[in-house]
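Every value quoted in this text rests on a predicted model; they were computed, and no experiment measured them. Letters A, B, ... mirror the listed sequences (proteins, then strands); counts begin at 1. The analysis underlying the following values was restricted to heavy atoms, covering all of them including side chains, and did not include hydrogens, waters or symmetry mates.
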Amino acid sequence: MRFSRFFLPVLREEPKEAEIVSHKLMLRAGLISQQASGLYAWLPLGYKVLRKVQAIIEQEQDRSGAVELLMPTLQSADLWRESGRYDDYGKEMLRIVDRHERDLLYGPTNEEMITSIFRSYVRSYKDLPLNLYHVQWKFRDEIRPRFGTMRSREFLMKDAYSFDLDKERAVEAYNRMFVAYLRTFRRMGLTAIPMQAETGPIGGDLSHEFIVLAETGESAVYCHADLLDKPVPGPDIDFRGDLTPIVDDWTSLYAATEDMVDLAEFERTVPADKRISARGIEVGQTFYFGDKYSAPMKATVTGPEGQEIAVHSGSYGIGLTRVVPAVIEAGHDENGIVWPVSVAPFEAILISLKVGDGECDAACERLYNSLRTAGIDVIYDDRAQGAGAKFATADLIGIPYQLIVGPRGLKEGKVEIKHRKDGTRETVGIEEALKRLLELIVPARLETI
RNA sequence: CGGGGCAUAGCUCAGUCUGGUAGAGCACUGGUUUUGGGAACCAGGGGUCGCAAGUUCGAAUCUUGUUGCCCCGACCA
């Protein structure tokens, strides 16, 4: 992508409506644009990040055995009357009437619809286990939207729904999602800690919130410090095997949100120097809720002895439009965003220090072409601007590697690579630049897996 | 929904108290010189001061209403 042809409206001033750093940076770096309270347009740079986040989530969901589909945003009220939630959900649910006076709603979640799909097609226990998920926009008419896309009214969520014959197998499904979540967040450069959580209106009795520690988080959380350094299962993890030891290992150390915390137990089970009492951002939540929906909605299968069994289910959500600000809260400095390579909108930025200089232009064009050919997601800053402005922009939008090309270096056949993360620079021969960037970027694409 | 605040150029803001011809910086347009850490100079364009009513000879400024946005609480991916 050539910068001069891209649409990247960066702001030099701090937007007055933003309070927290991620919201400020998302506006300043041209990731999002507010259209109304709690409603945001994703500008090209932000949309690239969102899609990279989505790709990682999909890879890890698929790896765990879940199957992707796509359900509509609008749902029939009748479906929700079946589960009893049409009346329970309250004003948070956006209710719509169509031209035939039929009651519709903009889905805040999809338990009812997925249960309806499930019961239409699945008849036998032999078709289980099944885990279906989608990534779709949701709407919840929050009383007070805030912090940009951290708490917006319309938001993009991955929601998965598992169906199993009994509780034991449902917990196995729960564990698969639990491990998939550990991997998913780690791949985005996040340290997300699973914590005991309330189940809220979704219902059920087993639930974890995946929390990223951040001062700007909306929940107070309490956990054991060792959870921060606990290794995450690698890509070779066998999701068909027994994951109980991993889940037990993670849940053996105390971790709970303010709604669930038992301070006496926290202090009894965690040594004083290991107690973390902090704030966190909830980026995902897992629930097991048994037959809460399958029983009233008659989602049953025929069991091995011919009996009708209401399936045991769980649901598992990740807020994509919340993950993006969470990544920024976890990775930024005074100059702007510091993206991990895995979700960076571009992996590298090619900065020409002297646009219009024949030799410099030629070298940049050559590098740009070879980088693209090698599969590096690169943006080429070909604007006729001073170097200062270009560096400031590159830092603000947080591109992990800056390839800096200027006439002075070119005289000696050298270019420079600057690492956004720690500001280190290395000078390499122009012919070595591509190889060096590949060395840096390719392993980082898998980010700490 | 309760409490607080803001609304003037694309952005950040001054001007409002004390009514009298609409301002700055950045951004934008044209030109010249520039280009190694947010370039300089010259010349320009751009605002029915959120909206509506009222008071007044005269309203960005005073009054009332209204809408939008932000912050604090309850809700949540």
Side-chain angles (χ1 to χ4, degrees), chain A residues 9-20 23-24 27-28 30 33-39 53 57 89-93 107-110 135-160 181 185 192 197-202 207 209-212 218-219 257 259 281-287 315-326 335-336 351-357 360-361 381 383-396 402 404-411 414-416 418 423 425 427:
Chain A
V10 299
L11 307 177
R12 200 156 166 173
E13 312 272 353
E14 292 230 317
K16 63 175 172 181
E17 72 265 27
E19 190 80 358
I20 64 171
H23 189 195
K24 286 178 182 172
L27 291 166
R28 284 197 57 213
S33 162
Q34 179 171 0
Q35 297 305 307
S37 178
L39 300 176
V53 165
I57 290 170
Y89 222 93
K91 287 188 168 176
E92 201 174 299
M93 186 156 73
T109 175
N110 284 64
V135 177
Q136 178 61 289
W137 292 92
K138 306 291 189 290
F139 189 91
R140 293 182 191 173
D141 201 355
E142 295 284 344
I143 294 166
R144 186 148 89 86
R146 66 184 130 168
F147 302 151
T149 65
M150 189 85 84
R151 174 174 301 286
S152 49
R153 294 194 293 171
E154 189 180 42
F155 60 97
L156 189 61
M157 179 165 83
K158 185 285 300 184
D159 38 326
Y181 276 25
F185 294 122
E198 273 195 323
T199 52
I202 310 262
S207 179
E209 286 182 6
F210 285 71
I211 302 278
V212 175
E218 292 188 272
S219 343
T257 62
D259 302 325
I281 300 165
E282 184 197 338
V283 287
Q285 187 162 9
T286 50
F287 300 91
S315 72
Y316 316 89
I318 295 178
L320 281 78
T321 44
R322 177 177 287 180
V323 161
V324 175
N335 296 319
I351 297 177
S352 170
L353 291 175
K354 192 161 184 174
V355 171
D357 175 280
C360 187
D361 287 349
D381 192 343
R383 298 172 302 158
Q385 298 254 328
K390 292 189 177 188
F391 286 126
T393 302
D395 284 352
L396 174 62
Q402 301 172 7
I404 301 159
V405 180
R408 238 175 258 175
L410 287 175
K411 279 206 182 79
K414 302 286 189 188
V415 295
E416 215 168 10
K418 182 183 157 190
R425 297 152 154 268
T427 304

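- The listed nucleotides are B:C71, B:U35, B:C69; the one nearest the side chain of A:K354 is B:U35.
- The residue A:A36 sits close only to the backbone: its heavy atoms come under 4.0 Å of sugar-phosphate atoms, none of a base.
- Of the candidate nucleotides B:C70, B:G36, B:G73, B:C70 has the atom lying nearest to any side-chain atom of A:S37.
- The pairing partner recorded for B:U66 is B:G50, the criterion being a Watson-Crick or G-U wobble arrangement whose two distances lie under 3.5 angstrom.
- The aromatic rings of A:F185 and A:F210 sit tilted relative to each other, their planes meeting at an angle between 30° and 60°.
- The A:R146 side chain lies nearest to B:C75 when the options are B:C13, B:C69, B:C75.
- Proximity of a side-chain donor or acceptor of A:R322 to a complementary backbone N or O of A:M150 within less than 3.5 Å is detected.
- The listed nucleotides are B:G38, B:G36, B:C70; the one nearest the side chain of A:E17 is B:C70.
- Toward the 5' end of RNA chain B, the nearer of the two residues A:R153 and A:I143, judged by each one's closest nucleotide, is A:I143.
- With hydrogens and angles disregarded, no donor-acceptor distance shorter than 3.5 Å links the side chain of A:K390 to the backbone of A:L353.
- The interatomic distance linking A:K418 (NZ) with B:G36 (P) rounds to 15 Å, in whole Å.
- Between B:A77, B:C13, B:C69, one nucleotide has an atom nearer to the side chain of A:S152 than all others, and that is B:A77.
- With hydrogens and angles disregarded, no donor-acceptor distance shorter than 3.5 Å links the side chain of A:E142 to the backbone of A:R144.
- Proximity of A:Q34 to the phosphate of B:C70: a side-chain N or O atom is located under 4.0 Å from OP1 or OP2.
- Atom CG in A:L27 sits about 10 Å away from atom P in B:U12, given to the nearest Å.
- With B:U8, B:G38, B:C76 as the choices, the nucleotide that has an atom nearest any side-chain atom of A:K16 turns out to be B:U8.
- When each of B:G36, B:C69, B:G25 is scored by its nearest atom to the side-chain atoms of A:E13, the top-ranked nucleotide is B:G25.
- Side-chain atoms of A:D361 come within 3.5 Å of backbone N or O of A:G356 as a donor-acceptor pair.
- The listed nucleotides are B:C76, B:C71, B:G36; the one nearest the side chain of A:R144 is B:C71.
- B:C41 and B:G31 make up a base pair, with Watson-Crick or G-U wobble contacts both under 3.5 Å.
- The side chain of A:R12 sits closest to B:C26 out of B:C76, B:C26, B:U12.
- Residue order along RNA chain B, read from the 5' end via each residue's closest nucleotide, puts A:P407 first among A:P407 and A:E154.
- Comparing atom distances between the A:F155 side chain and each of B:C26, B:A74, B:A77 picks out B:A77 as nearest.
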